[in-house]
Amino acid sequence: MVLRIRSLFSQVVDSRWIVVSSWSSFPKTHTRNLIPIIRAKGSLRMTTAYLNRIATAVPEHDVHAPFVVFAEMMLADPRLRAVFRRMASRANIAHRYSFLDPQKKSGQFSSHDAHDFYQPGNFPNTTRRMELFEQSAPVLMKKAVDQLALNEKERSGIAHVLVTCCTGLYAPGLDFEIVDHLGLSAGVERTMVGFMGCYAAINALKLARHIVRSEPKAGVLMVNLELCTLHLQETQELEQVLSFLVFADGASASLITAQEQGFALDSFKAVMVPETRGLITWKIRGLGFDMLLSGQVPGELGRALHEGELMADRECIDLWAVHPGGRSILDAVEKGLELPVNALEASREVLSCFGNMSSATVMFVLERMMQQGQPGLRGCAMSFGPGLTAETMRFHVV
């Protein structure tokens, strides 16, 4: 029999004539696999997935300057204070936002009072931190999703909801909160991409691409939400205090469909750097989630990128959406790939205006590029996290 089917092997929507032998031509036996013989005329192609729109949101409280003061006071050693002060001035961060309010409210208790939450000598345990996550995460989620401004057709077309988060969890969780907030079908499929860290958004986009290519009529709503300021630790370790200097709260919401609009998602690739497994760790402990972010990360990352496949392709890439994990990370990427000075301008702007919001951050960078990108430009997005791993995505503007 002759069937006209949608093909399976590339990224552009197309159809070819496929000749399939009839099932009746196979012997009726239980010992033989009934596998159709398929002969294709011409190349086989597949649906392209597009990142149509991105919306972003942050909480209202700018905590960067108050944190610098608080963290410096937390360090007992005057020499460490001086180093911290110098490093803070070089971080190239002007603002970071949190659901915690750093301004003391005289005579009025608030569960979001940063000074009450982080009392020296009495930092909160994991239970209290997760209680606050459960209260605050849905508020930020709604802010991001509302900014996406889905119309009724887009809303009714959403068949999958993807959520990335590594800073809090509860069940029923954010995926259910999204379904309820938007009034989505009870049959919508929900997937949580949890505890992967800063590169989770790239993994979720990869998953969204697979979904759209296998279900061309399906719309995918992706939400990336992190409350990083929930996990400040009381410590005298300078390296750990410096890691808290860059992290902030933020969320993004995105729509991925087969509609030709925005960014075409071309390909994905993961790169694990050998013998670096312990340089970034993120573990649940009694006093919140405990991060180790080694100072060796920028050097190892820059070396791996310089020796990797992207070096040969970098001249073909017009847009670099690099996760701004910190100034030293962006410097290492720029140097490792030998990029022009302004290549990471969008990433540096996001770092300055918002800090590092873990999985949501690269979406802030992509949002900026989507507002300015010209059709035909080709880009590469990348994020970094535990492993040490770089997750990359190639795309082009339509």
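A quick note: this is a predicted structure, and the numbers were derived from the prediction, not measured. In this chain, residues are counted from 1 in sequence order.
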Identify the heavy atoms of [X] and [Y] that sit nearest to each other, and give their distance.
X      : Y      : value
Thr164 : Ser359 : OG1-OG, 2.9 Å
Lys153 : Asn151 : N-OD1, 3.1 Å
His181 : Val145 : CD2-CG1, 4.1 Å
Pro216 : Ala258 : O-CB, 3.4 Å
Pro324 : Ser347 : CB-O, 3.4 Å
Ala360 : Asn224 : CB-O, 3.6 Å

Given the ring of Phe67, does Arg96 sit roughly above its face, with NZ or CZ under 6.0 Å from the centre of the six-membered ring and within 45° of the axis?
yes
Phe176 ring centre to Arg190 NZ or CZ under 6.0 Å, with the angle to the axis within 45°?
yes
Between the side chain of [X] and the main-chain N/O of [Y], is any donor-acceptor distance below 3.5 Å?
X      : Y      : result
His160 : Ile211 : no
Thr389 : Gly385 : no
Arg314 : Leu337 : yes
Asp249 : Thr229 : yes
Glu131 : Thr126 : no
Ser252 : Thr56  : no
Trp282 : Cys166 : yes
Arg53  : Leu148 : yes
His396 : Phe263 : no
Asn52  : Gln261 : yes

Could you state the interatomic distance from [atom1] ([X]) to [atom2] ([Y]), rounded to the nearest 0.5 Å?
X      : Y      : atom1 : atom2 : value
Arg394 : Asp266 : CZ    : CG    : 8.0 Å
Lys142 : Leu182 : NZ    : CG    : 10.5 Å
Phe354 : His95  : CZ    : NE2   : 9.0 Å
Ile284 : Phe289 : CD1   : CZ    : 4.0 Å
Asp146 : Met141 : CG    : CE    : 8.5 Å
Leu366 : Met370 : CG    : CE    : 7.0 Å

Shared hydrophobic cluster, [X] / [Y] (ILVMFWY, side-chain heavy atoms < 4.5 Å):
X      : Y      : answer
Leu287 : Met291 : no
Leu221 : Val188 : yes
Tyr170 : Leu225 : yes
Val63  : Leu75  : no
Ile317 : Leu344 : yes

Criterion side-chain contact (heavy atoms from CB on, under 4.5 Å) on Leu245 and His64, from CA distance to verdict
CA-CA 8 Å; Leu245 178 66; His64 184 66; 3.8 Å; yes
Should Leu265 and Lys206 be marked as a side-chain contact (heavy atoms from CB on, under 4.5 Å) after you check the CA-CA gap, both sets of side-chain angles, and the distance that decides it?
CA-CA 8 Å; Leu265 306 183; Lys206 184 193 313 176; over 6 Å; no
For a 4.5 angstrom cut-off between non-hydrogen side-chain atoms, does [X] reach [Y]?
X      : Y      : result
Tyr50  : Glu260 : yes
Phe99  : Val139 : no
Arg86  : Val83  : yes
Met222 : Met363 : yes
Leu100 : Leu132 : yes
Val161 : Val223 : no
Val271 : Glu309 : no
Glu338 : His306 : yes

Quick check: are there more than 12 heavy atoms from other residues, nucleotides or ligands sitting under 6.0 Å from [atom1] of [X]?
X      : atom1 : value
Glu237 : CD    : no
Met87  : CE    : no
Gln371 : CD    : yes
Lys143 : NZ    : yes
Met272 : CE    : no

Would you please test Arg327 and Asp331 for salt bridge (charged side-chain N to carboxylate O under 4.0 Å, His left out) and show each step?
CA-CA 6 Å; Arg327 194 209 69 187; Asp331 290 348; 3.3 Å; yes
Hey, which of Arg129, Glu226, His231 is the one that makes side-chain hydrogen bond (donor to acceptor under 3.5 Å, both in side chains) with Thr167?
Glu226
Apply side-chain contact (heavy atoms from CB on, under 4.5 Å) to residues Gln240 and Asp290 and explain how you reach the verdict.
CA-CA 9 Å; Gln240 192 170 21; Asp290 197 7; 2.8 Å; yes
Apply side-chain contact (heavy atoms from CB on, under 4.5 Å) to residues Phe117 and Arg128 and explain how you reach the verdict.
CA-CA 9 Å; Phe117 195 68; Arg128 189 173 173 206; 3.9 Å; yes
Side chains of Glu391 and Ser383: do they bring a donor and an acceptor to under 3.5 Å?
no
Is the shortest distance from a Lys or Arg side-chain nitrogen in Arg303 or Glu300 to a carboxylate oxygen in the other one below 4.0 Å?
yes
Using 30° and 60° as the class boundaries, would you call the ring planes of Tyr118 and Phe123 parallel, tilted or perpendicular?
tilted
